[in-house]
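There's a structure below that I have some questions on.
Please read these numbers as outputs of a predicted model, since none were measured by experiment. Heavy-atom basis, side chains included; hydrogens, waters and symmetry copies ignored. Throughout, numbering of the chain's residues begins at 1 and tracks the sequence.
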Amino acid sequence: LQKLIYLLQATDDPLIQEQALITLGNSAAFSVNQDIIRNLGGLSVIGGMLSHCVPEVKEKALNALNNLSMNIKNQEEVQVYITQVCGNIESAPLNSDLQLAGLRLLTNMSVNSDYNHKMISSIPCLLRLLSEGTERTQIQVLKVLVNLSANPDMTRHLLRGQV
């Protein structure tokens, strides 16, 4: 895992970065690896890939962070990327794999009401995706909205959301 994180930092080749992110994401399916990746500083390295210019690299980074966000301690570090993830969702092509990967990560992060306020500005985008997206997109958006609606502090923001 340490070598994968180093490789991710050391190369500019998007194909190698994608493969390293896929492997890290798959490794994060095991809870022991979630802690190891965090302790090695991997969350910030993976999070740094969210600003990559190649959409496939961003998508793989989102997928890896999604698997890593199943851990409460990891969520504390991943939450700093919520605003950037929302921006990636808004700017991604409608119904794209990149958009869906971002929505899946938001689904995990929105379970913890401590981070819901970071998603307020994206509520209009979520509602737009709900009306314009395919069924796959709509399902992912609904998962996020259901999680947000479980937080009473979000009620006003959800009801005021404009499409």
Side-chain angles (χ1 to χ4, degrees), residues 1-123 125-126 129 133-134 136-137 139-141 143-148 151:
L1 293 173
Q2 187 174 21
K3 288 180 181 179
L4 284 169
I5 293 167
Y6 174 76
L7 179 63
L8 201 52
Q9 291 174 296
T11 185
D12 290 330
D13 185 333
L15 294 175
I16 293 173
Q17 291 171 330
E18 277 186 70
Q19 291 306 308
L21 288 165
I22 289 169
T23 305
L24 285 166
N26 290 342
S27 298
F30 302 97
S31 56
V32 67
N33 290 340
Q34 294 171 5
D35 293 331
I36 292 170
I37 292 169
R38 181 186 65 252
N39 292 333
L40 292 171
L43 293 174
S44 61
V45 174
I46 295 168
M49 296 285 126
L50 295 178
S51 59
H52 202 283
C53 60
V54 176
E56 292 80 8
V57 173
K58 285 184 198 181
E59 175 200 342
K60 303 309 185 283
L62 288 165
N63 289 336
L65 289 174
N66 182 45
N67 286 349
L68 288 161
S69 71
M70 301 304 286
N71 175 312
I72 296 291
K73 287 185 179 180
N74 286 355
Q75 282 189 358
E76 292 171 9
E77 289 191 36
V78 172
Q79 60 91 17
V80 301
Y81 301 108
I82 290 175
T83 304
Q84 189 173 4
V85 170
C86 291
N88 283 338
I89 291 168
E90 291 181 36
S91 64
L94 183 63
N95 306 313
S96 64
D97 289 337
L98 175 60
Q99 194 171 62
L100 289 167
L103 288 167
R104 284 191 296 272
L105 178 55
L106 281 192
T107 299
N108 282 349
M109 295 303 293
S110 62
V111 169
N112 188 334
S113 60
D114 293 341
Y115 311 127
N116 289 175
H117 67 281
K118 294 181 176 232
M119 301 176 206
I120 291 171
S121 64
S122 291
I123 290 173
C125 172
L126 294 172
L129 293 176
T134 61
R136 281 179 52 194
T137 301
I139 289 169
Q140 284 306 135
V141 169
K143 288 178 181 182
V144 176
L145 291 173
V146 164
N147 289 343
L148 293 177
N151 179 353

* **Residue pair Lys118 / Thr83: nearest heavy atoms and the distance that separates them** => O-OG1, 4.3 Å

* Asked: Can you find a heavy atom in the side chain of Ile89 that is under 4.5 Å from one in the side chain of Leu129?
  ->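 Yes, side chains in contact.
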
* To do: Look at the side chain of Ser122 and the backbone N and O of Cys125, then say whether any donor-acceptor pair between them is shorter than 3.5 Å.
  => no

* Asked: Any donor-acceptor pair under 3.5 Å linking the side chain of Asn147 with the backbone of Thr107?
  ->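 Here the side-chain-to-backbone pair exists.
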
* Asked: What's the spacing between Asn33 CG and Leu68 CG if we round to 0.5 Å?
  -> 9.5 Å

* Structure fact -> To the nearest 0.5 Å, atom OG of Ser44 lies from atom CD of Glu77 at 7.0 Å

* For Val57, does its backbone N or O pair with a side-chain atom of Glu18 as donor and acceptor, under 3.5 Å? ->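 No, because the side chain of Glu18 does not come within donor-acceptor range (under 3.5 Å) of the backbone of Val57.
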
* Rounded distance [0.5 Å steps], CG in Leu62 versus CG in Asp97 ->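 Going from the CG atom of Leu62 to the CG atom of Asp97 covers 11.5 Å.
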
* Asked: For the side chain of Ser110 and the backbone of Leu106, is there at least one donor-acceptor N/O pair under 3.5 Å apart?
  ->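 Yes: the side chain of Ser110 pairs with the backbone of Leu106.
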
* Over 12 foreign heavy atoms within 6.0 Å of CD, Gln2 ->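 Open.
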
* Let me know which of His52, Lys60, Glu56 forms a side chain to side chain donor-acceptor pair (under 3.5 Å) with Gln17. => His52

* **Separation of Asn66 CG from Asn108 CG (nearest 0.5 Å)** =>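 The CG atom of Asn108 sits 4.5 Å away from the CG atom of Asn66.
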
* Asked: CG of Asp35 to CG of Leu1: how many Å apart, nearest 0.5 Å?
  ->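 Between atom CG of Asp35 and atom CG of Leu1 there are 11.5 Å.
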
* Asked: Can you name the closest pair of heavy atoms from Asn63 and Ala101 and give their distance?
  -> OD1-CB, 3.3 Å

* Which atom of Tyr81 lies closest to which atom of Leu43, heavy atoms considered ->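 Of all heavy-atom pairs spanning Tyr81 and Leu43, the closest is OH-O, 3.9 Å.
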
* Side-chain touch Asn39/Ile36, heavy atoms, less than 4.5 angstrom -> no

* Shortest non-hydrogen separation from Val85 to Gly102 and the atoms involved ->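 It is CG1-O, 3.7 Å.
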
* Minimal non-hydrogen separation, Met109 against Tyr115, with atom names ->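 Heavy atoms only, the tightest pair is CE-CD1, 3.9 Å.
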
* **Option from Val80, Asn74, Ile72, Val78 for which side chain to side chain contact (heavy atoms under 4.5 Å, CB included) with Glu76 holds** =>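 Filter result, single survivor: Ile72.
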
* State whether the side chain of Asn95 and the backbone N or O of Thr134 hold a donor-acceptor pair below 3.5 Å, judged by distance alone. =>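 Yes: the side chain of Asn95 pairs with the backbone of Thr134.
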
* Asked: Which atom names give the shortest non-hydrogen contact between Ala61 and Leu21, and what distance separates them?
  -> N-CD1, 3.8 Å

* Is the backbone of Ala28 close enough, under 3.5 Å, to the side chain of Asn67 for a donor and an acceptor to pair up by distance? -> no

* For residues Ile123 and Met119, determine if any side-chain heavy atom of one lies less than 4.5 Å from a side-chain heavy atom of the other. => no

* Which distance, rounded to the nearest 0.5 Å, do you find between the CG of Leu4 and the CD1 of Ile22? ->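 Answer rounded to 0.5 Å: 11.5 Å.
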
* To do: Go through the steps to decide whether Leu50 and Leu65 satisfy the test side-chain contact (heavy atoms from CB on, under 4.5 Å), and finish with yes or no.
  => CA-CA 10 Å; Leu50 295 178; Leu65 289 174; 3.9 Å; yes

